[in-house]
Amino acid sequence: KGMCGSFNSSIIRAASSHIVEHADQSITLGVVGRRGRDYFVRRRYPIRFELINFTRRPEYDHARAIAKDAIAAFTGGEANQVLLAYNEFKSVLQQRIVITQLLPLPKARFEPSDPTAAVDYLYEPSAQEIFDSMLERLVGFEIFTALLESAAAQNAAQMVAMDNATKNSGEVIETLTLT
């Protein structure tokens, strides 16, 4: 636990910068993790939900709960946009901060090969029911992917931080032995 270098401060700094850049907008946060929650609570940012003290292995249920809350805020008119900020695992030595838009979904471009062939489909259940079900799954999987990426990035950051600490202590031991 802990000892993961600048892992937490990097994502907090990126989120804070985004908030400052969009200071003209009303922003409400959903935070995952104790350090992020503590940082934003101290600065009195409005927090809609928080997820702390969950296992080091995120589960889809965590992501689904976050997705339901995000979708409810968006469809209820409380939010006109939902963004997701997380640490993406690139390699053991490199993590990348990602801020991506979850909602609204980008418009799909569908152009039939024959523009004169307009086809109307019947949906069972209704198209809205299918969309609602798929939306929850899509947003849930996007969040679950972010949770997994972030967990992998944190483990890598901890490995690097502990390796650096081991090397530094070895140098201190050599210096003290020589002295």
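Predicted model only: the values in this text are computed from it and were never measured. Computed over heavy atoms, backbone and side chain alike; hydrogens, waters and symmetry mates excluded.
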Shared hydrophobic cluster, [X] / [Y] (ILVMFWY, side-chain heavy atoms < 4.5 Å):
X	Y	result
Ile66	Leu138	yes
Val41	Ile52	no
Val31	Ile143	no
Ile47	Val32	no
Ile71	Phe141	no

If you count every heavy atom of other residues, nucleotides or ligands that lies below 6.0 Å from Arg44 atom CZ, does the total exceed 12?
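12 or below, so no.
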Spacing of [atom1] belonging to [X] relative to [atom2] belonging to [Y], to within rounding of 0.5 Å:
X	Y	atom1	atom2	answer
Met159	Gln154	CE	CD	13.0 Å
Phe7	Asn155	CZ	CG	8.5 Å
Gln81	Leu102	CD	CG	10.0 Å
Ile99	Leu84	CD1	CG	9.5 Å
Asn8	Arg34	CG	CZ	8.5 Å
Leu147	Glu59	CG	CD	11.0 Å

Where do Leu122 and Glu124 land on the side chain to side chain contact (heavy atoms under 4.5 Å, CB included) test, with the steps shown first?
CA-CA 7 Å; Leu122 296 176; Glu124 206 46 56; over 6 Å; no
Would you call Asp61-Arg64 a salt bridge at under 4.0 Å N-O?
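Yes, this pair counts.
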Could you tell me whether Lys167 and Asp163 have a side-chain N and a carboxylate O separated by less than 4.0 Å?
yes
Please lay out, stage by stage, how Ile19 and Phe40 fare under the test side chain to side chain contact (heavy atoms under 4.5 Å, CB included).
CA-CA 11 Å; Ile19 291 168; Phe40 290 112; 3.9 Å; yes
Residues that Glu129 engages under salt bridge (charged side-chain N to carboxylate O under 4.0 Å, His left out), provided they are two or more places apart:
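With sequence neighbours excluded, Glu129 shows a salt bridge (charged side-chain N to carboxylate O under 4.0 Å, His left out) to no residue whatsoever.
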[X] versus [Y], closest heavy-atom pair with distance:
X	Y	answer
Ala153	Gln95	CB-CG, 3.3 Å
Tyr45	Leu29	CB-CD1, 3.8 Å
His22	Ile27	O-CD1, 3.8 Å
Arg48	Asp69	NE-OD2, 2.8 Å
Ala67	Val139	CB-CG1, 3.7 Å
Leu83	Gln101	CD2-CA, 3.6 Å

Thr177 vs Glu174, test: side chain to side chain contact (heavy atoms under 4.5 Å, CB included). Steps then yes/no.
CA-CA 5 Å; Thr177 302; Glu174 286 179 19; 5.7 Å; no
With the side chain counted from C-beta on, respond yes when Leu103 and Thr75 share a heavy-atom pair under 4.5 Å apart, and no when they do not.
no
Could you tell me whether the side chain of Leu135 reaches within less than 4.5 Å of the side chain of Phe74, counting heavy atoms only?
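Heavy-atom side-chain distance check fails, nothing below 4.5 Å.
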Test item: [X] side-chain N/O and [Y] main-chain N/O as donor-acceptor pair under 3.5 Å:
X	Y	value
Ser6	Ser9	no
Glu149	Phe89	yes
Ser150	Ala146	no

Test: side chain to side chain donor-acceptor pair (under 3.5 Å). Region: residues 130-145. Which pairs qualify, not counting sequence neighbours?
Gln128-Asp132
